[in-house]
Amino acid sequence: MGSQGGFGQSKEFLDLIKSIGEARSKAEEDRIVINEIDILKKRIIEPDIPKRKMKEYIMRLVYVEMLGHDASFGYIHAVKMTHDDNLHLKRTGYLAVTLFLNEDHDLIILIVNTIQKDLKSDNYLVVCTALNAVCKLINEETIPAVLPQVVDLLGHTKEAVRKKAVMALHRFYQKAPSSVSHLVSNFRKRLCDNDPGVMGSTLCPLYDLISADVNSYKDLVVSFVSILKQVAERRLPKSYDYHQMPAPFIQIKLLKILALLGSGDKKASEQMYTIVGDIMRKSDSSSNIGNAILYECICCVSSIHPNPKVLESAAEAVAKFLQNDSHNLKYLGIDVLGRLIKISAEIAEQHQLAVIDCLEDPDDTLKRKTFELLYKMTKPSNVEVIVDRMIDYTMSINDSHYKTEIASRCVELAEQFAPSNQWFIQTMNKVFEHAGDLVNLKVAHNLMRLIAEGFGEEDDTADSQLRSSAVESYLRIMGEPKLPSAFLQVICWVLGEYGTADGKYSASYITGKISDIAEAHSTDDMVKAYAVSALTKVYSFEIAAGRKVDMLPECQSFIEELLASNSTDLQQRAYELQSVVGLDARAVESIMPMDASCEDIEVDRELSFLNGYVQESLNKGAQPYIPENERSGALSISNCRIEEHVSSGHSLRFEAYELPKPSVPSRPPVPPVSSTELVHVPESTHHREFHEAVVPKLSMSGTGSSEIKLRLDCVQKKWGKQTYSSSSPSTSDSDTHKTQNGATQRDVPSSLSSKARDVSYDSRRQHEDINPEKQKLAASLFGGASKSEKRPAAGHKASRPNSHTTEKSHAEKSGPSDVGAVKASPQPPPDLLDMGEPTSISTVVDPFKQLEGLLDLNEGTTAPGSSSAAKAPDFMSLYGDTSFSGQNMGTANLLSTGSGDANLISGISRAPDRNGHGTGSTVTLTTQLSKGPNTKEALEKDALVRQMGVTPATQNPNLFKDLLG
């Protein structure tokens, strides 16, 4: 590197390389590199740096990057160097860029134009340098920018350019196969190139193409065989020889291609036998490259259609590998032997001693490879020996991963080739004992099933002997320390099922052993669960046989412990044991039949035994069960049953709370917005006329600061589904008035909870809109009742009471229209404050003229429904000191009376000034009249009117004279 580019390197650069090489620790090396980074950051930004110096700085940046530090501050300088016309600087720049940048780096866009220009250069060295950069830097998005130039270079006069062009196209195929799918014919043409280097480079993309689609390239078998024959006959130049082997890497690639093309194709394989046999005979086993070719030949023979002569030659080659002292060659021999035994198992028998030697070799890698070979060549005649050797090997290794693999192979071979059930049980015991918890839990269930099923024949004696031998072996093994949990579960199950079956062991002895297992593994709930179930079986069998059950003290203490356990499963098992022990023999025999573990259990999925109970409940008025996958659609019909639920008394109530007891204020209090009791107000003619006159004014309020603002704080929130927003007709006037009064009184709770209701409705709607078919598809795809499947049901349950509320709210909002004549004139704008009152009246009367007449009423006059004349409101005392000390101001004062007129005024009581609404509106009066009551009375009525946010239908100077000053 010191003389690269014809320039001598500076002493500073050489000292840097020397100091890095002499660094004794990683910390010292990092310190040197960090110091170098600081120096380069200062020098690389200096103006007018000579190209020779810049080249050296770039190379020093390469050292910084190679040692794991960040040199991104110099990337742009390497990119600039690729633009230089000097070949040495350009090659240095390309080298640095390919090391610094990845294909998705932001600076790649700055190099594409330079690469396009260099690909058209007359200097083939520049073209080769650009092709090298193409293979490293061009990504899928920029392939079309350079693909035409690369394809044109396939016909370049220089073989080095053609070779690198093929390599670039291969790279494009690896990144985006579709980008070069139309250029496959170019690879076929380059296969016949005059230069062996170009032909050899074409083999790599052809191997990938053949791996993807073998049948499309069957016609090339003759060409590949011809090329391989020429290479083997040394017709290539001497420059392609390696350790006196003619073009060995081309031979290896050709053999891999032939193995793909000849697999399962007898006709194509017949064309390969001769050349493959010749190569195996001529191969030089004294060199590694010769052994590599020989190994590839054997792999090819094991893949193509078998031929006896070729297989014999392969077996001789395997013998060379196995008889060699090198562990590497023995490893190759074991590997190819495992390939050949798939074709002919007799080949392995010829090398039995060599395989045993490899099995006992101290090289652990070779030993593992040999076990793989034994696994492949196992049959019923040798399964016992092979499995025993595998189990012995598991005892000598500590690698848990490989021990798990060996244990699984032992179990698989034992299940497939077991000569007898007794041997299988003994083998499984050894596997559990030595492999521990690394054994799959499924193996334990298979073992229990085998013991329960027996030989699967009518020979009950053989089955009894099998189970007796299993019980004896487990009683002998259970004293061993550190037994795995799965094996202990098997032991408890076998002792519970068959511990007392043959009468050899008493129930007290078996239950004592089971209690010992549970006591020794008190922290394992699964073992304790199996233990208590085993005790239940033993005691059940004893009771069913008519024998007296004497529970051992240790068993009794164990059961008492489980009765107080935190695990509900253990508690249930313990209570079941207590219940079973207290039953008679006949009941126990029906509950716990002897040796019934393999009997098929009929599962009543419809729970038909509950049909009578269900029908009885339905007759009593219970709701029918809705399947979970249909619950999301239940909301669509829920509103059809609203009337029934409203009458049941479980729906939401909208009546206001009772008034608090009156208190005597020391000064005129600010009337708060409080809820009051609802009082029925008989509808009168002037009431309807007043409502009709006021509503259009309110609905036409604008948004400007000088206009009257629309009051919404006292309006009932119209929440719920939009499809149910239309009002439904009612048959009583009282419902209409209740809704109007209720809306007046519930302004505070509605304003506080409106956002919460909107959010909860949105969340419910997401669940309600789920298609039931999608739920079924998700359940079939994801299995069982998942969280996503349960969510719609939960949303449905939560939304049912809200549906009642919505329906009742709409029912209350809608009211009858007692007006006989309705005008056919255009309807006024919709009123958001309309709680159900008629919106079209035949006559329009100034409501404030009606209010002026109300003040002339006798104070002692009461409504027909009033209980006492003392409850009549005194409008002149609204701003008095203590005339009505027992009542609050506002709606609470007026609604406590029975007067229809007073209730009319209370319906338009003034609240915005106290709640912060309606205070920004201004009314400009241009004339003043002396008509009507005095100024104080006008203020009284104005206070009542504005408390509900109602503006006058006409300008009344007497009413607003002093208010506006």
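The closest side-chain donor-acceptor pair between Ser567 and Asp525, if any, does not fall under 3.5 angstrom.
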side-chain contact (heavy atoms from CB on, under 4.5 Å) between Arg547 and Phe541, intermediate numbers included: CA-CA 9 Å; Arg547 291 187 288 267; Phe541 299 155; 5.9 Å; no
Worked verdict on Leu447 versus Phe424 for side-chain contact (heavy atoms from CB on, under 4.5 Å): CA-CA 9 Å; Leu447 178 58; Phe424 178 78; 3.9 Å; yes
Could you go step by step and tell me if Glu576 and Gln572 meet the side-chain hydrogen bond (donor to acceptor under 3.5 Å, both in side chains) rule? CA-CA 6 Å; Glu576 288 175 356; Gln572 179 179 348; 3.1 Å; yes
Using side-chain contact (heavy atoms from CB on, under 4.5 Å), reason through Ile517 and Tyr530 one step at a time and then give a plain yes or no. CA-CA 10 Å; Ile517 294 176; Tyr530 271 82; over 6 Å; no
Between Asp335 and Arg339, is a salt bridge (charged side-chain N to carboxylate O under 4.0 Å, His left out) present by the stated rule, with each step listed? CA-CA 7 Å; Asp335 183 73; Arg339 295 172 184 267; 3.3 Å; yes
Any chance you could lay out the side-chain hydrogen bond (donor to acceptor under 3.5 Å, both in side chains) test for Glu561 and Ser565, step after step, and finish with the verdict? CA-CA 6 Å; Glu561 177 187 352; Ser565 174; over 6 Å; no
Given the rule in the side-chain contact (heavy atoms from CB on, under 4.5 Å) test, do Leu483 and Ile491 qualify, once you have shown the distances and angles that lead to the verdict? CA-CA 10 Å; Leu483 292 177; Ile491 293 175; 4.3 Å; yes
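In this view, Asp502 and Ser468, Lys504 satisfy the side-chain contact (heavy atoms from CB on, under 4.5 Å) rule, not counting sequence neighbours.
Annotation: the span from Gln556 atom CD to Leu535 atom CG amounts to 11.0 Å, rounded to 0.5 Å. For the atom pair CD1 of Ile341 and CG of Leu373, the computed distance is 5.0 Å after rounding to the nearest 0.5 Å. A distance of 12.0 Å separates CD1 in Ile386 from CZ in Arg409, rounded to the nearest 0.5 Å. The CG atom of Leu475 sits 5.0 Å away from atom CG of Leu495, with the distance rounded to the nearest 0.5 Å. One distance of note links CG of Asn421 with CD of Gln465; it measures 12.0 Å at 0.5 Å rounding. Note: Lys528 NZ to Thr523 OG1 = 8.0 Å, rounded to the nearest 0.5 Å.
No more than 12 heavy atoms of other residues, nucleotides or ligands sit less than 6.0 Å from atom OH of Tyr613. No more than 12 heavy atoms of other residues, nucleotides or ligands shown are found within 6.0 angstrom of CG on Leu353. Counting heavy atoms of neighbouring residues, nucleotides and ligands inside a 6.0 Å radius, atom CD of Glu606 does not exceed 12 of them. By the neighbour-count criterion of 12 heavy atoms within 6.0 Å, atom CG of Asn566 is sparsely surrounded, having that number or fewer from other residues, nucleotides or ligands. Applying the 6.0 Å contact sphere to CD of Gln350 captures more than 12 heavy atoms from other residues, nucleotides or ligands. Taking a 6.0 Å sphere around CD of Glu519, one finds it holds 12 or fewer heavy atoms contributed by other residues, nucleotides or ligands. Counted within 6.0 Å of NZ on Lys376, heavy atoms from surrounding residues, nucleotides or ligands total more than 12; the atom is thus considered enclosed.
Nearest approach of Ala348 to Leu337, heavy atoms of both residues: CA-CD1, 4.1 Å. Closest heavy-atom contact between Ser485 and Asp524: OG-OD2, 2.7 Å.
Here Glu372 pairs with Lys369 in a salt bridge; the nearest charged N to carboxylate O distance falls below 4.0 Å. Remark: Arg476 does not engage Glu472 in a salt bridge, criterion side-chain N to carboxylate O under 4.0 Å.
The closest donor-acceptor contact from the side chain of Ser344 to the backbone of Leu340 lies at 3.5 Å or more, if one exists at all. The closest donor-acceptor contact from the side chain of Asp584 to the backbone of Ala587 lies under 3.5 Å. Asn382 places a side-chain N or O within 3.5 Å of a backbone atom of Lys379 that can act as its donor or acceptor partner.
The aromatic rings of Phe432 and Phe487 lie parallel to each other, their planes meeting at an angle below 30°, with 60° marking the opposite boundary.
Relative to the six-membered ring of Tyr402, Arg368 meets both conditions, a distance below 6.0 Å and an angle of at most 45° to the axis.
In this structure, the ring of Tyr498 has its center no less than 6.0 angstrom from the ring center of Tyr505.
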